[in-house]
Amino acid sequence: MVERYVMSIDQGTTSTRCILFDHSGRLVSVAQREHQQYFPRPGWVEHDAVEIWRNLQRVVPEALSNAGVDSGQISAMGIANQRETTVLWDPRTGAPLGRAIVWQDTRTAPLVEELREQPGDEFFLEHCCLPPSTYFSAPRIRWLFDHVDGLEQRAREGEVLFGTVESWLIWNLTGGTDGGLHITDATNASRTMLMDIRTLTWDEALMDFFGVPRSMLPEIRSSAERYGEARALLPGVPITAALGDQQAALFGQTCFSPGEAKCTYGTGSFLVMNTGTDLVRSQHGLLTTVAYKIADQPTVYALEGPMAVTGSLVQWFRDRLGLIHSAPEIETLARTVEDNGGCYIVPAFSGLFAPHWRSDARGVIVGLTSYITKGHLARAVLEATGWQTREVVDAMNADSTLALKQLKVDGGMTSDHLLMQILADVLDVPVVRPLVHETVSLGAAYAAGLAVGYWPDLQVLRRNWHMAAQWLPDMDTERREWEYASWKRAVERSLGWIQPPKRP
């Protein structure tokens, strides 16, 4: 009998990966290729959507070749993608209309400040459960309409398509200019500021407000269903799943019950808690989002707390300060001291995300004395991720009756055992890491496999999950709360930063 596999495409912020998984959820083959990051102006971050598509065309055959299988052995394909990144393209030529604007980009900050004043946060929270932020797609579309001559008119005449990256890839995979499917899934649509999160349909009031014509928006589908078959790369292979990367990680961590949560620690970090079929509207600075929707089953919702700078703080420590030569060295350096020496770092390099949502905040280092060494700074870098996570967890516990009992973790930073212990200490809950690290890719594969019966149900997926490591709390309550109060004072400094006059 010929072995069959599920293919997962993980289109991330820095690279595109293709991974094959077998029935046990084991990684069989992987191929990866990075794409260029463009920073044309301060605060601007862009990608070349054509480069991303070409990279996918390279990694898919490479992953098949590495495993020694052919496309006929692929039961289904699922896609996980960097969320909110905005791609506009011409459906007649297939050419992107400029570079993709990445989720980290802050060029819309002035527009977002106007939105917070008029019509105000409540208007958007009522319609899409998202506050105005540079994070989301709709302000970027409006910015492009305002700054690219003729673009808005072209959109109204049906000459422009919008999508997040999974839409762009699915359109190309299914034919492109020759009948390509223009679709998205509910998890990605819920991050645009254009979707009614209750009905999973494009919201007329939001489309009118931002001036976005319905014709440029993709059709919203569930996260796991048969969308269509690939015509490029893998002709005949069904494309059956699409999820935003953080929702895919939640799925890959098998957080299928209300109250279960995961946090992915990478360039930024994203803590997501399953709230079941209850839509919990946050009152404490979190995002209410779609966790996933399987075929015609009820929508599952989540609360999310994004943290913009975690792993990138380690990169800054390495590349800008030159205090370490490689990222793993920070753990060794941080272990040369017993504590942070009273030093705290708030890494608001591009403002603060959850639970503050302040684009005007700036990074601060407080508590510097002549006693502080580079070891103390290294410790403060790691603790900054811990305390940011604590702020998000406190907000989740305040928003929901589902108090966090355990945190499942994944992502590159989880190889740092000291950081994982810091997390357990500051959260006062066990922190567990799964055997399979590639939870984003695994989640997309699981959803795709469910849609075609490769896996029969969620319980089978739960049995595939195995713990690789666990960290238990080991800090007394008095010290934990004293340090947390010190961190909060440092955050106040960050939020109170006053922009100096422009340089002459």
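FYI, side chains are in, hydrogens and waters are out, and symmetry mates aren't considered; it's all heavy atoms of this structure. Residues: numbered from 1 along the sequence shown. Predicted model only: the values in this text are computed from it and were never measured.
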Checking salt bridge (charged side-chain N to carboxylate O under 4.0 Å, His left out) for the pair Arg33/Glu51: CA distance, chi angles, key distance, verdict? CA-CA 10 Å; Arg33 189 175 291 259; Glu51 181 188 8; over 6 Å; no
Look up atom CG in Leu407 and atom CE in Met273, then write down how far apart they are to the nearest 0.5 Å. 9.0 Å
Inspect the surroundings of CZ in Arg92 and state if more than 12 heavy atoms from other residues, nucleotides or ligands are less than 6.0 Å away. yes
Which atoms form the tightest heavy-atom contact between Thr310 and Met307, and what is the distance? CG2-CB, 4.2 Å
Heavy-atom side-chain contact between Val69 and Tyr5 under 4.5 Å: yes
With a 3.5 Å distance limit and no angle check, can you tell me whether Tyr227 reaches the backbone of Ala242 through a side-chain donor-acceptor pair? yes
Any chance you could lay out the side chain to side chain donor-acceptor pair (under 3.5 Å) test for Ser222 and Glu225, step after step, and finish with the verdict? CA-CA 6 Å; Ser222 74; Glu225 63 173 273; 2.9 Å; yes
So, do Leu97 and Val148 sit near enough that their side-chain heavy atoms are less than 4.5 Å apart? no
Quick one: are Trp103 and Arg83 in side-chain contact, heavy atoms under 4.5 Å? no
Quick check: does any side chain N or O of Asp196 sit under 3.5 Å from a backbone N or O of Trp202, one acting as donor and the other as acceptor? no
Please tell me if the side chains of Ser282 and Leu303 come closer than 4.5 Å, counting only heavy atoms from C-beta onward. yes
Hey, are the side chains of Phe251 and Ile294 touching, using non-hydrogen atoms and a 4.5 Å cut-off? yes
From CA spacing to verdict: side-chain contact (heavy atoms from CB on, under 4.5 Å), Thr254, Leu458: CA-CA 8 Å; Thr254 67; Leu458 298 181; over 6 Å; no
Between Ser400 and Asn397 (side chain of the first, backbone of the second, donor and acceptor by atom type, cut-off under 3.5 Å), is there such a pair? no
Smallest separation among heavy atoms of Ile19 and Ser441, with atom names: CD1-OG, 3.4 Å
Is there a donor-acceptor contact under 3.5 Å linking the side chains of Gln82 and His47? yes
In Å and rounded to the nearest 0.5 Å, what is the CG to SG distance from Leu279 to Cys129? 5.0 Å
Pairing of Arg107 and Glu46 as salt bridge, 4.0 angstrom limit: yes
Is the gap between the ring centers of Phe39 and Trp44 under 6.0 Å? no
Nearest non-hydrogen partners of Asp410 and His437, listed with the distance: CB-O, 4.1 Å
May I ask you to say whether Glu62 pairs ionically with Arg58, meaning some side-chain N is under 4.0 Å from a carboxylate O? no
Start with the C-alpha gap between Leu56 and Leu169, add the side-chain angles, then the distance that decides, and say whether side-chain contact (heavy atoms from CB on, under 4.5 Å) holds. CA-CA 9 Å; Leu56 181 63; Leu169 295 180; 4.0 Å; yes
Could you give me the CA-CA distance, side-chain angles and deciding distance for Tyr265 and Leu423, then say whether side-chain contact (heavy atoms from CB on, under 4.5 Å) is met? CA-CA 11 Å; Tyr265 289 97; Leu423 286 170; 3.3 Å; yes
Within this structure, what is the CZ-CG distance for the pair Phe317 and Leu313, rounded to the nearest 0.5 Å? 8.5 Å
Would the distance check show the side chain of Tyr454 and the main-chain N or O of His23 forming a donor-acceptor pair, the cut-off being under 3.5 Å? yes
Salt-bridge present (Asp90, Arg154; N to O < 4.0 Å): yes
Any donor-acceptor N/O pair, Asn55 side chain to Glu34 backbone, under 3.5 Å: yes
Could you tell me the separation between the CE atom of Met413 and the CD atom of Glu331, rounded to the nearest 0.5 Å? 11.0 Å
Using a 6.0 Å cut-off, check whether atom CZ of Arg198 has over 12 heavy atoms from anything other than its own residue. yes
Output for pair (Thr192 OG1, Met195 CE), nearest 0.5 Å, gives 7.0 Å
Run the salt-bridge test on Arg390 and Glu383 with the 4.0 Å N-O cut-off and return the result as yes or no. no
Is the shortest heavy-atom distance from the side chain of Thr164 to the side chain of Asn81 under 4.5 Å? yes
Between the main-chain N or O of Val290 and the side-chain N or O of Gln247, is there a donor-acceptor pair closer than 3.5 Å? yes
If you round to the nearest 0.5 Å, how far is CZ of Arg99 from OG1 of Thr85? 14.0 Å
Is there a donor-acceptor contact under 3.5 Å linking the side chains of Ser326 and Glu329? yes
Is the shortest distance from a Lys or Arg side-chain nitrogen in Arg17 or Glu438 to a carboxylate oxygen in the other one below 4.0 Å? yes
Check whether any side-chain heavy atom of Pro238 sits under 4.5 Å from a side-chain heavy atom of Met77, and report yes or no. no
Are a donor atom and an acceptor atom from the side chains of Glu304 and Thr289 found within less than 3.5 Å of each other? no
Looking at Arg462 and Glu260, is there a salt bridge between them, counting it only when a charged N and a carboxylate O are closer than 4.0 Å? yes
Ring centre gap for Trp89 and Trp168 strictly below 6.0 Å: yes
Is the backbone N or O of Asp474 less than 3.5 Å from a side-chain atom of Asp425, with the two atoms forming a donor-acceptor pair by type? yes
Is the shortest side-chain heavy-atom distance between Leu27 and Phe21 below 4.5 Å? yes
Quick check: closest heavy atoms across Thr14 and Gln37, and the distance to 0.1 Å? CA-NE2, 3.6 Å
Check whether Arg4 reaches the backbone of Gly72 with its side chain - one donor and one acceptor, N or O, closer than 3.5 Å. yes
So if I apply the side-chain contact (heavy atoms from CB on, under 4.5 Å) rule between Thr389 and each of Leu427, Val426, Val409, Val431, which one comes out positive? Leu427
In terms of heavy-atom contacts, Pro434 and Thr439 come closest through CG-CG2, 4.0 Å
Search all heavy atoms of Ala224 against all heavy atoms of Ala451 and return the closest pair with its distance. C-CB, 4.0 Å
We want to know whether Thr13 and Gln104 form a side-chain donor-acceptor pair, criterion being a heavy-atom distance below 3.5 angstrom. no
Is the backbone N or O of Leu217 less than 3.5 Å from a side-chain atom of Arg214, with the two atoms forming a donor-acceptor pair by type? yes
Does this structure show an ion pair linking Lys293 with Asp185, if we count only N-O contacts that are shorter than 4.0 Å? no
Please lay out, stage by stage, how Thr264 and Gln246 fare under the test side-chain contact (heavy atoms from CB on, under 4.5 Å). CA-CA 7 Å; Thr264 300; Gln246 300 312 316; 3.3 Å; yes
Without swapping roles, check the side chain of Thr106 against the backbone of Gly43 for a donor-acceptor pair under 3.5 Å. yes
Under 6.0 Å from the six-membered ring centre of Phe162 and within 45° of its axis: does the NZ or CZ of Arg140 meet both? no
Parallel, tilted or perpendicular, judged at 30° and 60°: which one describes the rings of Phe136 and Trp357? tilted
